Amino acid sequence: MSYVLDYIEHNPQEVQRLVGLKYEQLEQLMKQAMALHTQKQQESEAKKVRIINKGGGRKVKLSTEQQILLTLIYLRHLTTFQLLGIQFGVSESTANDTFNYWFPLLQEILPSSLLEQVKKTRVTIR
């Protein structure tokens, strides 16, 4: 269970310090990232040949919003995946896998110059 998302929802003025975006920009980025994620999932599902029914397997521990937030916090603070895993209540390898899944998606949404700015300063989303 991650309290980071709850903290941000109750303290939107702190978003700038945590992820380098204003709260409204974060919401917009999350909507665009989730739409792109859904599109990629649908494309992936269309190509799959399933042996096991859909819905089988282990459930994910983090919500989509938490996964995006984990990626943005890593980009902003460049912390270790171990510490990030502790903050979000997942293992170090899960934090690493989550970052490596979402980073290319965020690269598609944000121009590379703006993605670099997320690390240091605030950014304007298209």
Side-chain angles (χ1 to χ4, degrees):
M1 177 58 98
S2 169
Y3 297 104
V4 179
L5 190 59
D6 289 338
Y7 179 80
I8 283 177
E9 289 174 355
H10 289 98
N11 302 290
Q13 71 278 5
E14 296 294 323
V15 174
Q16 182 81 39
R17 292 176 62 200
L18 288 173
V19 297
L21 300 170
K22 292 181 181 173
Y23 186 74
E24 296 78 23
Q25 292 173 323
L26 178 65
E27 285 183 325
Q28 185 181 359
L29 177 63
M30 283 195 173
K31 285 179 186 173
Q32 290 177 353
M34 286 192 280
L36 184 59
H37 168 68
T38 302
Q39 177 188 349
K40 297 278 182 184
Q41 291 289 346
Q42 288 173 347
E43 290 172 5
S44 174
E45 284 293 322
K47 294 177 184 173
K48 279 186 181 175
V49 177
R50 290 198 160 273
I51 298 172
I52 300 173
N53 288 335
K54 184 176 180 179
R58 187 176 56 84
K59 305 292 182 213
V60 294
K61 286 187 175 180
L62 297 176
S63 68
T64 305
E65 293 90 355
Q66 290 172 326
Q67 292 176 23
I68 296 168
L69 196 57
L70 181 148
T71 303
L72 292 174
I73 288 175
Y74 179 81
L75 289 172
R76 175 73 173 178
H77 299 283
L78 296 176
T79 184
T80 63
F81 287 111
Q82 181 184 21
L83 187 58
L84 212 52
I86 292 169
Q87 285 176 324
F88 282 86
V90 295
S91 69
E92 179 180 358
S93 61
T94 299
N96 188 350
D97 292 344
T98 300
F99 173 79
N100 285 314
Y101 175 77
W102 282 100
F103 185 63
L105 294 180
L106 293 177
Q107 281 181 315
E108 288 186 31
I109 296 170
L110 297 172
S112 61
S113 60
L114 291 179
L115 196 55
E116 292 296 320
Q117 289 179 13
V118 170
K119 295 178 186 176
K120 303 286 182 205
T121 59
R122 65 182 173 170
V123 66
T124 304
I125 299 174
R126 317 183 237 173

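Quick caveat: nothing in here was measured; it's all calculated off a predicted structure. As a basis for the values below, the full set of heavy atoms in this structure was taken, side chains included, without hydrogen atoms, waters or symmetry mates.
By the rule that hydrophobic residues join a cluster once side-chain heavy atoms approach within less than 4.5 Å of another member, Leu83 and Leu5 end up as members of separate clusters. Ile86 and Val60 are assigned to two separate hydrophobic clusters, defined by single-linkage of ILVMFWY side chains at heavy-atom distances under 4.5 Å. Linking ILVMFWY side-chain heavy atoms closer than 4.5 Å, directly or via other members, places Ile109 and Phe103 in a single hydrophobic cluster.
Separating the CG atom in Asn96 from the CG atom in Leu84 is a distance of 10.0 Å, to the nearest 0.5 Å. Taken to the nearest 0.5 Å, the CG atom of Asn100 stands 11.5 Å off from the OG atom of Ser93. Taken to the nearest 0.5 Å, the CG atom of Leu75 stands 9.5 Å off from the CG atom of Leu110. Annotation: the span from Thr71 atom OG1 to Leu105 atom CG amounts to 9.0 Å, rounded to 0.5 Å. Here the CZ atom belonging to Phe81 is positioned 11.5 Å from the OG atom belonging to Ser91, to the nearest 0.5 angstrom. Rounding to the nearest 0.5 angstrom, the gap separating the CG atom in Leu72 from the CZ atom in Phe99 is 9.5 Å.
In this structure, Trp102 and His37 have tilted ring planes: the angle between them lies in the 30° to 60° band.
Side-chain N or O atoms of Gln82 include none that pairs as donor or acceptor with a backbone N or O of Glu92 at under 3.5 Å. Between the side chain of His10 and the backbone N or O of Asp6 there is at least one donor-acceptor pair closer than 3.5 Å.
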Go through it in stages, so that I can follow the logic: the residues are Gln28 and Glu24, the test is side chain to side chain donor-acceptor pair (under 3.5 Å), and I'd like the CA-CA distance, side-chain angles, deciding distance and then a yes or no.
CA-CA 6 Å; Gln28 185 181 359; Glu24 296 78 23; over 6 Å; no
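Listed by chain and number, the residues in a side chain to side chain contact (heavy atoms under 4.5 Å, CB included) with Thr38 are Gln42 (sequence neighbours excluded). Gln13 meets the side chain to side chain contact (heavy atoms under 4.5 Å, CB included) test with Asn11; sequence neighbours excluded. Listed by chain and number, the residues in a salt bridge (Lys or Arg N to Asp or Glu O under 4.0 Å) with Glu45 are Lys48, Arg50 (sequence neighbours excluded).
Counting heavy atoms from C-beta on, the side chains of Leu29 and Leu21 come closer than 4.5 Å. When side chains are defined from C-beta on, Phe88 does not count as touching Thr98, because their heavy atoms never get closer than 4.5 Å. When side chains are defined from C-beta on, Leu70 does not count as touching Gln87, because their heavy atoms never get closer than 4.5 Å. At a threshold of 4.5 Å between non-hydrogen side-chain atoms, the residues Arg17 and Arg76 do not count as touching. Side-chain atoms of Glu108 and Lys40, non-hydrogen and from C-beta on, do get closer than 4.5 Å to each other.
Around atom CD of Glu14, more than 12 heavy atoms belonging to other residues, nucleotides or ligands sit under 6.0 Å away.
Between Ala95 and Val90, the closest heavy-atom pair is N-CG2, 4.1 Å.
The six-membered or imidazole ring of Tyr7 lies away from that of Tyr3, with a centre-to-centre distance of 6.0 Å or more.
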